[in-house]
Visitor: 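One structure follows; several queries about it will come next.
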Amino acid sequence: MKTFSQPGALTLLASILITCLLLFLFQKMIWFVVPFLLALMLCYCLRPAVSFLAVRGISHDNAARAVWLLLQVTTAIILIAGAFWATAKADAWRDDFGHYVSGGQNLIVNSFAMIEKRVSPLQQTNMSAQTEQWLRQSSNRFAEKNLLPIALLALKWFPSVLLVPYLAYFMLIDSARLKKYLIKSVPNAYFERALLLFSRLDESLQNYFQGLLQLTLLDTLFLGLGLAALGIHHAIWLGLAAAILAWIPYIGSVFGAVLVVIIAATDFPDKAGVAYACLALFAAVRMLDDLVFLPFTIGRKLHVHPVLSVLMLFLGVTVAGATGLVLVLPLFGVVTVVGESVAQVMNDPELKARYKISRQLAVAAVSKHL
Amino acid sequence: MSFFGTDIKTQKVEMLKGIRVFRELSRKEILEVEALLHERTYEQGEIVFGEGDPGHGIFIVLSGKLRAHPSCELMKTAGLEFGPGELVGELSLFDESPRIATVVAVERTVAVALFQAEFSSLLVKNKSIGVKVLIEIARTLSLRTRQLLLGEKRVPSL
């Protein structure tokens, strides 16, 4: 069997550069990239349901339409019910928000005060008092400074969010046709390799998105149950928020843990043990993720070396800020698969020769009729 | 609604129905299969695939003619031309084995390719289509094996 040359350092470097360039471009058109990615995720998550119906004799297009319609109806019911619920609970939530913000501030100030007490050189710096003053000023100015920009941001993102179901519909219905359409433009010499590349990409993305969703559900379940056992209020919602925050590689889990610890410290100001138990729970779920859940969900394995992952995260933040942090690893995974395949094809002299001959034959065939 | 290419015409369904592998399929099933087929045109002398290439699917000749050039002596004794309706490369549909001959277009040839991964997903999604197509491929394989073993001048499997 013919063997293909393995991609080298140059391919890797090119993949890194292309990832950075794409991140830079994505940041400029984030209004489209975010709904596109959400639609892609939705599409891959709905695919098993479409296959389920297709296996039962419904044509692919009709199965896709039925699943999409069911999703729209369910979403509409949830949104309407959610709107009524949010209106009824708005006042209580505002009070809760203020309560937990001040709880978080107290936790930080108390932690600094405790450190000052134990580390004598820090006592003279008066760190806890300064921090407390800064936090109080910041929280007072927070509403007047940020409320309008947040409202405008939500308004700006609303049309983009509406794009998600629209894009997901066409991805479900037309993805096979789009693939055929793209493959049509590939020269005969590279045809089978292009098909293989599409298949690998499709498989990688499907594994990634479906795995991410499964992992989010498992994290939500375990964190929710654990937090409920510790007596934390809104345990399942907190578990869900922490599980979604964990989509941001590495630091997302830290944000989730901090959020839950703040809530635990506010709800149980006299029981430091609860906050520590929350931290232990997060560490345990993180270990479960790495050792048990990930092998099952597979998807997040993008076969990227850990050192390279960290390097890419730094590059992602540098190039595209928070957007880069979220997108850099899956994007790098996809670019690497494409880069390796393209490099293999480009370095295959036989394929190149076949392409050259095909072109000459095509020109000769056309010239015959002139 | 379709954004990518026009809807399949009756003529195309009839053409695919005329191919032995798809003859048992209903019109609706043909439409499902057609969505997975990739039409390619090869000029006279153009290589479709080379011996040793990793095989990822089969080709079905719609018009024109393909010829196989194997290095294996046993296969050289057989007639190695494939006309309209005939399958080429069916062995790789099952195990991605390397191609055992180089196949070249004898004249301008139009063929459709069925990719292994897409065929596998079709087998899962629609067992009825899968069984009908697989039986026809198995028939072709059986016929070609018998012909090769009996030394008849017909095409062996590729």
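Every chain is numbered from 1 and lettered A, B, ... according to where its sequence line falls, protein lines coming before strand lines.
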Visitor: Enumerate, atom names and distances included, each donor-acceptor pair closer than 3.5 Å involving a side-chain atom of residues 36-50 of chain A, sequence neighbours excluded.
Guide:
residue : atom : partner : partner atom : Å
Y44(A)  : OH   : D202(A) : OD1          : 2.8
R47(A)  : NH1  : D202(A) : OD1          : 3.3
R47(A)  : NH1  : D202(A) : OD2          : 3.2
R47(A)  : NH1  : Q206(A) : OE1          : 2.9
R47(A)  : NH2  : D202(A) : OD1          : 3.3

Visitor: Under 4.5 Å heavy-atom distance to chain A, tell me which part of E32(B) shows up: side chain, backbone, both or neither.
Guide: side chain
Visitor: Can a donor-acceptor pair be found between the side chains of R359(A) and Y355(A) at a distance below 3.5 Å?
Guide: yes
Visitor: Which bit of Q44(B) is near chain A, if near means a heavy-atom gap under 4.5 Å: side chain, backbone, both or neither?
Guide: both
Visitor: Select one option (side chain, backbone, both, neither) describing which atoms of T41(B) are under 4.5 Å from chain A's heavy atoms.
Guide: backbone
Visitor: For the interface with chain A, which of E29(B), E39(B), E46(B) has the highest count of heavy-atom pairs at distances below 4.5 Å?
Guide: E46(B)
Visitor: Which ring pair (Phe, Tyr, Trp, His ring centres under 6.0 Å) pairs, counting each pair once, include a residue from residues 10-36 of chain B, with sequence neighbours left out?
Guide: none
Visitor: Quick one: what part of A35(B) sits under 4.5 Å from any heavy atom of chain A, side chain, backbone, both or neither?
Guide: backbone
Visitor: Would you call E350(A) and R354(A) a salt bridge, using N to O less than 4.0 angstrom?
Guide: yes
Visitor: Is chain B contacted by the side chain of L196(A), its backbone, both, or neither, given a heavy-atom distance below 4.5 Å?
Guide: both
Visitor: Do the side chains of K179(A) and E118(B) get close enough for a salt bridge, i.e. N-O under 4.0 angstrom?
Guide: yes
